[in-house]
Amino acid sequence: AGKPLERIGACVAIVSAGSSDHRVAEEAALCIDYLGLEALRLYDRGVAGIHRAKNAARECERKGVRAAIAVAGMEGTLPSVLAGLLKIPIVAVPTSVGYGTGLGGLTAMSTMLNSCSPGILVVNIDNGFGAAAAIRKFLSQS
């Protein structure tokens, strides 16, 4: 116990929407590394500047990313946009931060749960660890 898992040679993108999502995104990235995967950090790539999300998708394709964790508060649309741009599993993590009527992450979580984009799994609010653990399980079985 206490030792990182054996590396399995897969790269996972951690994509955050805004700078306020950094804490949860970094938790996910550190857990990805500890769980034996390579973390590609793509922070502040939200849909308010859609070119940022498109650039993140291009970086994922260039790096051969096998899955992505999309961390977003506010309206929580980043996972849906990424799922439309990429053909990999997306784990969505709503965050409790942001301004407006975020309701402590419930608004983002509701958007993520109601997404019509295929291939998205939603974990609980601020659960970067849960997102990383789910991806490790997915990739260990493929």
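In this text the structure is predicted, and so the values were computed from the model without any measurement.
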Next item on the list: To the nearest 0.5 Å, tell me how far Thr107 OG1 sits from Met112 CE.
Entry: 11.0 Å

Check: Do the side chains of Leu121 and Val65 join up, straight or via other hydrophobic residues, at under 4.5 Å, putting them in one cluster?
Finding: no

Next item on the list: Considering non-hydrogen atoms only, spot the tightest contact between Ser16 and Ala25 and give its length.
Entry: CB-CB, 3.9 Å

Check: Is there side-chain contact between Arg136 and Ile8, with at least one heavy-atom pair below 4.5 Å?
Finding: yes

Margin query: With a 4.5 Å cut-off on side-chain heavy-atom distances among I, L, V, M, F, W and Y, is there a chain of contacts connecting Val93 to Leu106?
Written below: no

Note to self: Membership question, hydrophobic clusters at under 4.5 Å side-chain separation (ILVMFWY): are Val15 and Ile32 in the same one?
What the structure shows: no

Item checked: Under 3.5 Å: donor-acceptor pair, side chain of Arg66, backbone of Ala10 -> no

If you look only at distance, which donor and acceptor atoms sit under 3.5 Å apart when one is on a side chain in residues 74-91 and the other is two or more places apart or in another chain?
residue	atom	partner	partner atom	Å
Glu75	OE2	Thr77	OG1	2.9
Ser80	OG	Ser115	OG	2.7

Note to self: Ser96: which residues meet the side chain to side chain contact (heavy atoms under 4.5 Å, CB included) condition with it, sequence neighbours left out?
What the structure shows: Arg23, Ile125, Asp126

Next item on the list: Might you point out which heavy atoms bring Ala108 and Ala72 nearest each other, and give the distance in Å?
Entry: CB-O, 3.7 Å

Checklist line | Distance-minimising heavy-atom pair for Lys63 and Cys11 | finding: CE-SG, 4.4 Å

Item checked: Arg58 side chain near Asn55 side chain, heavy-atom distance below 4.5 Å -> yes

Next item on the list: Starting at CG of Leu42, measure out to CD of Glu59 and round the result to the nearest 0.5 Å.
Entry: 5.0 Å

Next item on the list: Spell out, yes or no, whether Val97 and Val123 are grouped together once hydrophobic residues are joined by side-chain heavy atoms under 4.5 Å, including indirect joins.
Entry: no

Note to self: I'd like to check Leu139 versus Val12 (side-chain heavy atoms, cut-off strictly below 4.5 Å). Are they in contact?
What the structure shows: yes

Margin query: Let me confirm one number: the CD1-CD1 distance from Ile135 to Ile69, rounded to the nearest 0.5 Å.
Written below: 4.0 Å

Checklist line | Verify same cluster id: Val71, Leu113 (apolar side-chain graph, 4.5 Å) | finding: no

Notebook entry, point to check: If you measure from CG on Leu35 to CZ on Phe129, what distance do you get to the nearest 0.5 Å?
Noted result: 6.5 Å

Notebook entry, point to check: Can you tell me how far CE of Met109 sits from CG of Asn114, rounded to the nearest 0.5 angstrom?
Noted result: 10.5 Å

Next item on the list: Could you grab the distance from atom CD1 of Ile14 to atom CG of Leu30, nearest 0.5 Å is fine?
Entry: 9.0 Å

Next item on the list: Could you tell me whether a side-chain N or O of Asp21 sits under 3.5 Å from a main-chain N or O of Gly18, the two making a donor and an acceptor?
Entry: yes

Check: Where the side chain of Arg7 meets the backbone of Leu37, is there a donor-acceptor pair that is under 3.5 Å apart?
Finding: yes

